[in-house]
2 protein chains.
Amino acid sequence: MKPSIPKGTRDFSPVEMYRRNYIFDTIKKVFKKYGYQQIETPAMENLETLTGKYGDEGDKLLFKILNSGPVVDQINNSDANIKLNEISEKGLRYDLTVPFARYVVMHQNEINFPFKRYQIQPVWRADRPQKGRYREFYQCDVDVIGSDSLMNEVELIQIIDEVFTKLGMEVTIKINNRKLLSGICEVIGESDKFIDITVAIDKYDKIGFDGVKKELMEKGLTDASINKLEPLLKTSRLDSIIIESLSELLKNSTIGMKGIEEISTILAYLSSINFNFDKIVLDGTLARGLNYYTGAIIEVKANNVSMGSICGGGRYDDLTGIFGLPNVSGVGISFGADRIYDVMNELNLFPDFNNDSTQVLFYNYFTKDQSVYLGLINKVRAVGINAELYPEPADKGNSNKLQKKQFEYAKSKNIPFTIAIEEINNWKPAVKSAANKTTKILETESFVEDLILFIDSNI
Amino acid sequence: MKPSIPKGTRDFSPVEMYRRNYIFDTIKKVFKKYGYQQIETPAMENLETLTGKYGDEGDKLLFKILNSGPVVDQINNSDANIKLNEISEKGLRYDLTVPFARYVVMHQNEINFPFKRYQIQPVWRADRPQKGRYREFYQCDVDVIGSDSLMNEVELIQIIDEVFTKLGMEVTIKINNRKLLSGICEVIGESDKFIDITVAIDKYDKIGFDGVKKELMEKGLTDASINKLEPLLKTSRLDSIIIESLSELLKNSTIGMKGIEEISTILAYLSSINFNFDKIVLDGTLARGLNYYTGAIIEVKANNVSMGSICGGGRYDDLTGIFGLPNVSGVGISFGADRIYDVMNELNLFPDFNNDSTQVLFYNYFTKDQSVYLGLINKVRAVGINAELYPEPADKGNSNKLQKKQFEYAKSKNIPFTIAIEEINNWKPAVKSAANKTTKILETESFVEDLILFIDSNI
């Protein structure tokens, strides 16, 4: 049997884990800096929690789990007519937002609102795998729920900026506002087509204005209405000039003007802290598929590389309503760790791989008397230095070959210091730096002290 | 709709996450100290990777995933006879050992053996939930593969001791050796009944000697054979006296004497580093269900609390053979994070909950001019202090009630320092320590410096 793993899933080796942890740790540190606290939810949710929340397309992409026990026997043995709801009641987490809403409703009596939470866990989608799209991938979500203050939107934009600055990535933060989109639909007299319009213009990047037009005409919009949309689809630097021209366009729409006010407020606060506006654009085509957004919407693209959105989110005014807790406004964003990884990999942005485990390797040259090593290595670990003993002694059989294996082991693991106990040094331990090849004999009386000094001066 | 989560699964709140991370971080730090490197594998494995590896009982407890796409439609629409292998090809990870073996075989050309890896991920079992048994739980595995040196067993026992010492838990480390069990079967003339015997004596704790006897008689063992087993079932301190008496018993069994030699070697090395033998017992009834073990077997129980095994493992000589890479010996153990959590909770061993995110909360007393807060909080975060602004201003509506809400928020999140900007202090920011109620006005020119001084002297 030749082993394999399911399509769209991946193993992560130590080097990949080192890099992935670098991303997770950076993100986590920023989340904590802004006062968010961690929660986790189960990988499995009841299907009724998940279905109907991600649109028809999303429902199809849910991974469903077979009920265990008698049902499996039934499938194996009978020729009865089997219904999906009889054989599957659970599905794998599709995102972190819906489980979060479910969590908030279930735990509402323990939570002191506003609730600032972060959550970093894998999600699963039965999507066709392609570049930047996996069937198992990690989302890093940060949300504040129970506050309608726009200070939250400002904070999330700061968090985006800080995370990508720390990771050394150049990005463009695209923002828009669902109220602006509603306002536009209102002023062109097509309010009842709001969902059709947002779905169509969301594809503007891929299908262009002609494609959007074609799709909307099929939905019954008039030529005149559609042409009025065109100015909205331009992407612009977010500044006071664009705000003014939008105000002019939307002056007869209450909801549209509310959208303008929200964008202006966010803009003013960002300006007060000298936020670099070169990183932000107002993108009128940004609609985001999920229909629970009601205010600001945000999406981040990496500059200089071809990759879908690497972070996105927005404000939702009633996400918990579907689970029985209405009128709780929240806003949040989600970082796509796997795409961030792919971008950093492509642009060579990862720091050099440093082994974050072993700092000192003891070469193993004795068949007998290995307790000498155990005593020494315990002293090294006791002062907090990560250390290992090569478990197989080289002093048996082809000793040269076995020594070479140990050198190669140290090299492949990037271990910065090695200790050998050999006849050439009168069986005293000698430490060697991989970086500069310096060596030093460590005397028994001052073994650990000498080692620490050596490490500090050869790092 | 009243939301719920699947039976046997759990949400984790910020306080629980803080405690869980305390366990994971402690374990991870010890793993790294001994030179182990992290890998991760997908939550889903192909069913052919999983089935047949955990016995018949295990196969029944696998969570199977429904194929997506046409199959779902087929189930919904047709009355065709459906076979399990047509609707499910994937299952959820049942443990970390089999996926690790699969990983080693798939990545053998990238790995420089011996390979010391750790892996901390959830696993899923469709078991009946009860105390200490969940359907989703975390395993923390540490294995070395590609080395038959007993130094690895010694190291794993040191790791167990170090992890539980760091967590403040008193435990008993039970060890045994499969070769010893084989030897016993040999000397009582029942080698062909090895599996029946190990399965039966594994239940000794629950069913007693009479129960074991009954089960073995049903399997065809004679009264005389079974009575010869009795001395083995006694648990003893691991010392030279027990080794001697076992040697006497097994002197005519080559494999049995090999088991004795392995135990003696481990004992001698542990003795050379003054390991505390009060923590170890030789438990002849310890067999461990999984049939891939071939040498040392280890299991850890918490003292003073009723809970199943919290850590266990052993040596396997041919686990990768099933995936096409024979003759690679490995040894590993797995820590059960969820049971460790439950024990620590029951014995009150967790450190006080310290909020590991927000250190400073700015009370929000302005409806307008919130940019004052933004400027100050940015300065605080810039020096690495985690800080948040309460997003909803209290200066609107019922101001007293809204202020009280902010105090309660700070209290519920255990935030150690709060900053208020109020008329009483001429609108200068004043910091307050939650621990000792001290306050101090922070002057504009030295705002951050004064804050750092205050925090350092009131922590």
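Since the model is a prediction, treat every value here as computed from it, not as a measurement. Atom set for the values below is all heavy atoms of this structure, side chains included, hydrogens, waters and symmetry mates excluded. Just so it is clear: chains get the letters A, B, ... in the order the sequence lines come, proteins before strands, and each one is counted from 1.
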Most contacts with chain A, counted as non-hydrogen pairs under 4.5 angstrom, among [options]:
| options | answer |
| --- | --- |
| B:Ser412, B:Pro114, B:Gly91, B:Ala387 | B:Pro114 |
| B:Pro122, B:Gly375, B:Ser4 | B:Ser4 |
| B:Lys2, B:Glu110, B:Gln158 | B:Gln158 |
| B:Ser13, B:Gly384, B:Ala126 | B:Ser13 |
| B:Phe63, B:Tyr373, B:Tyr269, B:Tyr118 | B:Tyr269 |

When [options] are compared by non-hydrogen pairs under 4.5 Å with chain B, the top option:
| options | answer |
| --- | --- |
| A:Glu48, A:Lys116, A:Gln119 | A:Lys116 |
| A:Leu61, A:Leu361, A:Leu92, A:Ile273 | A:Ile273 |
| A:Ile39, A:Asn112, A:Asp11 | A:Asp11 |
| A:Arg381, A:Met151, A:Arg102, A:Met106 | A:Arg381 |
| A:Ser272, A:Ser149, A:Pro42 | A:Pro42 |
| A:Thr9, A:Val15, A:Leu150, A:Asn46 | A:Asn46 |

Handout entry: Whether B:Gln121 side chain and B:Thr41 backbone form a donor-acceptor pair below 3.5 Å
Key =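 Yes, the answer is positive, given that a donor and an acceptor are paired below the 3.5 Å cut-off.
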Practice task
For the residue pair A:Tyr390 and A:Tyr409, categorise the inter-ring angle as parallel (less than 30°), tilted (30 to 60°) or perpendicular (more than 60°).
Solution key: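 If you compare the ring of A:Tyr390 with that of A:Tyr409, the planes turn out perpendicular.
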Between [X] and chain A, which part of the residue has a heavy atom less than 4.5 Å away: side chain, backbone, both or neither?
| X | answer |
| --- | --- |
| B:Asn152 | side chain |
| B:Ser271 | neither |
| B:Val154 | side chain |
| B:Glu136 | side chain |
| B:Tyr36 | backbone |
| B:Leu325 | neither |
| B:Phe115 | side chain |
| B:Asn21 | side chain |

Hey, are the side chains of [X] and [Y] touching, using non-hydrogen atoms and a 4.5 Å cut-off?
| X | Y | answer |
| --- | --- | --- |
| B:Met17 | A:Arg117 | no |
| B:Ile145 | B:Phe100 | yes |
| A:Ile87 | B:Ile87 | yes |
| A:Leu374 | A:Phe362 | no |
| A:Gln38 | B:Ser357 | no |
| A:Phe113 | A:Val104 | yes |

Exercise for the section: Flag the pair A:Glu16 and A:Arg10 as a salt bridge only when some basic side-chain nitrogen lies within less than 4.0 angstrom of an acidic carboxylate oxygen. Expected result: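 So A:Glu16 does not pair with A:Arg10 through a salt bridge.
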Handout entry: Salt bridge B:Glu162-B:Lys33, side-chain N to carboxylate O under 4.0 Å
Key =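 So B:Glu162 pairs with B:Lys33 through a salt bridge.
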Practice task
Name all residues meeting the side chain to side chain donor-acceptor pair (under 3.5 Å) criterion together with B:Glu40; count only those two or more places apart in sequence or in a different chain, and write none if there are none.
Solution key: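 B:Glu40: no side chain to side chain donor-acceptor pair (under 3.5 Å) contacts found.
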Practice task
Please name all residues satisfying side chain to side chain donor-acceptor pair (under 3.5 Å) with A:Arg135, sequence neighbours left out, ordered by chain then number.
Solution key: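 For A:Arg135, no residue satisfies side chain to side chain donor-acceptor pair (under 3.5 Å) once neighbours in sequence are set aside.
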Practice task
Scan side-chain atoms only and decide if A:Asn364 and A:Gln406 contain a donor-acceptor pair under the 3.5 Å cut-off.
Solution key: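 No, no side-chain donor-acceptor pair sits under 3.5 Å.
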Practice task
Would you mind checking which part of A:Asn378 comes under 4.5 Å of any heavy atom in chain B, side chain (CB onward), backbone (N, CA, C, O), both or neither?
Solution key: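 For A:Asn378, the side chain is the part near chain B, not the backbone.
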Exercise for the section: Go through the atoms of A:Ile322 and report whether side chain, backbone, both or neither lie under 4.5 Å from a heavy atom of chain B. Expected result: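 The answer is the backbone of A:Ile322.
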